[in-house]
Structure formats: C-alpha cells, structure tokens
Amino acid sequence: MKRLLEDYFKQDPLTCARGLIGCHFHWHGCVGRIVETEAYDSEDDPACHTWFRPSTRVFVEAHDAGTAYVYMNYGVHWLFNILVKGGARSGFVLFRALEPVSGIEQMRERRPGAKDVLLGAGPGRLTRALGIDGSVHGSRFLRAAGCGVFTGWPAEMIAGPRIGISRATDLHWRFGDAASPSLSRRF
DNA sequence: GCCAGGATGTTA
DNA sequence: AACATCCTGGCG
C-alpha cells in the first residue's frame with residue numbers, strides 16, 4: 001500500500017472520488033476502507049457549497065490540494081471532504097462511508113450501540129466513529145503522523161446519483177464498492 | 001415510512 | 001431575525 005500525497009488530489013474531482021474507493025483512510029489509530037464517495041465541482045455544480053457560499057470559494061482559493069474541508073450539516077453531523085484542485089476541474093470529494101479495518105474498539109466507544117458494519121456507514125457516522133470535528137477543517141492531514149490515505153482497490157465499482165441534494169440530481173457523481181456491506185444506502 | 005434535532009453561513 | 005442545508009436514530 002502506497003501513501004497518497006497532494007499530487008493525487010491535483011486531478012479531476014471525479015477521478016479522485018472514483019480512485020479513492022477501496023483505499024484505506026488512517027485517522028489517529030483507526031483505519032477504515034473507503035467504500036463510498038461523492039464528487040463536487042467548485043466551478044459548475046449547483047450542489048457544491050461554492051455555488052452559494054462565498055466563504056467556500058475563498059477556501060478553495062486559499063488552500064492547497066489535499067486540505068480537509070469539514071463542515072457541520074443540519075446542526076448535528078460533521079461531514080469530511082478533501083479539497084481537489086490543480087487539474088482540469090477543482091472541487092471536493094466527500095467521504096460517505098468507511099468499512100472498519102482496525103481501531104474498531106475506539107470506533108465502538110464513540111458510537112455506542114452501533115453494529116460494527118454500520119460504524120462508518122454514512123458521512124456523519126464515519127466522522128463520529130473517527131472523532132473528526134470542526135477542528136480538522138483546513139488541516140493538511142495527508143502528511144500528519146497517524147493520518148493519511150493509502151492505495152487500495154474496489155471489489156465492484158458502481159456509480160449513481162448523489163444523496164441528499166436537491167440540485168444537479170442528474171449527475172452520477174456518487175461512487176462506491178457495490179460489494180461492501182457498509183454503504184450508507186443502496187445504489 | 002416520517003420527523004425532530006439544532007449549527008452554520010448567508011441574506012433580509 | 002429567518003432561511004436552507006452533502007444526516008441520523010427512533011418510532012411507527
């Protein structure tokens with residue numbers, strides 16, 4: 001397994017989102033297999049925060065590829081994205097689901113009552129399981145000790161419409177490993 | 001299946 | 001001040 005550094009995130013957000021399926025996400029003692037992602041295009045995508053949030057447009061300009069973009073959704077859940085820029089298009093990849101690999105005891109402690117297979121089966125669930133919150137926003141975690149993304153492969157790549165959005169629902173920019181039991185929803 | 005919970009950035 | 005939002009667990 002090879003560590004992915006900033007250069008990997010200097011390509012099209014769709015390429016990144018697809019390529020991350022099957023990779024391993026390391027976060028301070030826990031490891032999860034990435035089984036679901038979504039791509040967002042900061043230039044031409046009404047579902048991307050840049051479409052209606054000036055502060056997000058500033059964020060894209062001010063930070064490097066590979067920076068964490070973390071925000072609170074519905075006042076309840078932190079959602080974890082990676083900034084992608086430097087290729088043909090720029091934008092974000094949202095982590096939507098992880099399969100627990102190691103550090104499962106820590107994840108269980110943070111998500112009491114959850115079945116193991118569901119510990120990271122959703123964008124809000126996975127941040128809770130890993131202890132990710134707003135303090136991670138803007139950090140260059142790819143090279144941080146105990147953190148990073150490492151290469152892997154999907155068993156069965158699948159794509160479909162993004163979840164939970166009301167605009168640009170025709171775009172099939174959600175990617176996943178169809179063989180995983182830890183998807184946030186069926187494709 | 002439906003719905004409350006309740007933070008944040010943005011606009012009125 | 002009011003609004004919309006890249007969600008989830010609990011209850012039916």
Side-chain angles (χ1 to χ4, degrees), chain A residues 9 12-21 25 27 32 34-63 65-85 89-100 107-139 141 149 158-177 180-187:
Chain A
F9 298 93
D12 192 283
L14 273 78
T15 310
C16 288
R18 199 184 292 111
L20 286 169
I21 300 300
F25 182 42
W27 192 264
I34 302 167
V35 293
E36 184 181 335
T37 61
E38 283 176 358
Y40 289 84
D41 174 0
S42 61
E43 294 294 315
D44 204 24
D45 177 8
C48 187
H49 280 182
T50 50
W51 193 262
F52 52 94
R53 271 155 83 146
S55 60
T56 305
R57 293 194 285 273
V58 170
F59 185 94
V60 173
E61 289 302 314
H63 293 86
T67 303
Y69 177 84
V70 179
Y71 74 98
M72 173 144 289
N73 185 245
Y74 291 100
V76 185
H77 302 288
W78 295 105
L79 271 59
F80 180 88
N81 301 255
I82 301 181
L83 175 61
V84 176
K85 63 186 283 195
R89 290 188 284 193
S90 59
F92 298 93
V93 175
L94 169 68
F95 281 19
R96 283 199 56 91
L98 301 175
E99 235 174 74
M107 298 190 211
R108 288 181 185 137
E109 284 171 21
R110 297 192 192 102
R111 292 203 6 87
K115 291 174 56 181
D116 284 359
V117 80
L118 296 179
L119 284 169
R125 290 165 169 172
L126 73 88
T127 56
R128 171 67 65 92
L130 297 181
I132 290 173
D133 62 21
S135 66
V136 173
H137 184 58
S139 69
F141 70 98
V149 179
I158 191 169
R162 294 175 292 184
I163 300 290
I165 58 168
S166 53
R167 289 170 285 200
T169 52
D170 55 314
L171 301 174
H172 288 197
W173 288 2
R174 174 185 178 221
F175 303 97
D177 186 338
S180 174
S182 297
L183 297 174
S184 70
R185 287 174 45 173
R186 304 198 70 80
F187 274 78

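Residue numbers begin at 1 in each chain, while the letters A, B, ... track the order of the sequences. Computation of the quantities below employed the complete heavy-atom set of this structure, encompassing side-chain atoms and omitting hydrogens, waters and symmetry-equivalent molecules.
- Remark: aromatic rings of A:Tyr71 and A:Phe59 are distant, center separation not under 6.0 Å.
- Using atom C1' as the reference point in both C:dC6 and B:dG1, the two lie 22 Å apart (nearest Å).
- Pairing of C:dC6, defined by two Watson-Crick or G-U wobble distances under 3.5 Å, is not identified with any nucleotide.
- Listed nucleotides: B:dA7, C:dC6, B:dG5. Nearest to the side chain of A:His77: B:dG5.
- Rounded to whole Å, the distance from CH2 on A:Trp51 to P on C:dT5 is 15 Å.
- In this structure, the OH atom of A:Tyr71 is 13 Å from the P atom of B:dT10, given to the nearest Å.
- In the set C:dT5, B:dG9, B:dT8, C:dT5 carries the atom at the smallest distance from any side-chain atom of A:Asn73.
- Rounded to an integer number of Å, the gap from CZ of A:Arg96 to C1' of C:dC6 is 7 Å.
- Side-chain N or O atoms of A:Glu99 include none that pairs as donor or acceptor with a backbone N or O of A:Ser180 at under 3.5 Å.
- Distances were taken from every side-chain heavy atom of A:Ser166 (C-beta onward) to each of B:dG9, C:dC6, C:dT5; the shortest belongs to C:dT5.
- Regarding A:Arg167, its CZ atom lies at a distance of 9 Å from the C1' atom of C:dA4, rounded to whole Å.
- Side chain of A:Arg128 to main chain of A:Gly124: no donor-acceptor pair is present (N/O by atom type, distance under 3.5 Å, no hydrogens or angles).
- Nucleic acid contact for A:Ser184: none, since no nucleic acid atom lies under 4.0 Å from a heavy atom of the residue.
- The nearest heavy atom of DNA chain C to A:Glu38 and to A:Ala114 marks one nucleotide each, and the one closer to the 5' end goes with A:Glu38.
- When distances run from any side-chain atom of A:Asn81 to the nucleotides C:dC6, B:dT8, B:dG5, the shortest one goes to C:dC6.
- In terms of heavy atoms, A:Phe141 sits closest to A:Ala68 at CD2-CB, 3.9 Å.
- Put simply, A:Thr56 has no side-chain N or O that comes within less than 4.0 Å of OP1 or OP2 on B:dG9.
- For the C1' atoms, the distance linking B:dT8 with C:dG9 amounts to 22 Å, nearest Å.
- Distance, A:Arg128 CZ to C:dC7 P: 16 Å, rounded to whole Å.
- In this structure, A:His49 does not reach the B:dG9 phosphate: none of its side-chain N or O atoms is under 4.0 Å from OP1 or OP2.
- In this entry the distance linking CZ of A:Arg111 with P of C:dT8 reads 8 Å, nearest Å.
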Residues A:His63, A:Tyr69; criterion side chain to side chain donor-acceptor pair (under 3.5 Å); working and verdict = CA-CA 10 Å; A:His63 293 86; A:Tyr69 177 84; over 6 Å; no
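- Of all non-hydrogen atoms in A:Glu38 and A:Ile163, the two that sit nearest each other are OE2-N, 2.8 Å.
- Atom OH in A:Tyr74 sits roughly 15 Å away from atom P in B:dC2 (whole-Å rounding).
- When the P atom is used for both B:dG5 and C:dG12, the distance is 15 Å, rounded to whole Å.
- Summarising the geometry, the separation between CZ on A:Phe52 and C1' on C:dC6 is reported as 9 Å, rounded to the nearest angstrom.
- Nearest nucleotide to the A:Val76 side chain, out of C:dC7, B:dT10, B:dG5: B:dG5.
- Across all strands, A:Arg53 comes closer than 4.0 Å only to sugar-phosphate atoms, never to a base (heavy-atom distances).
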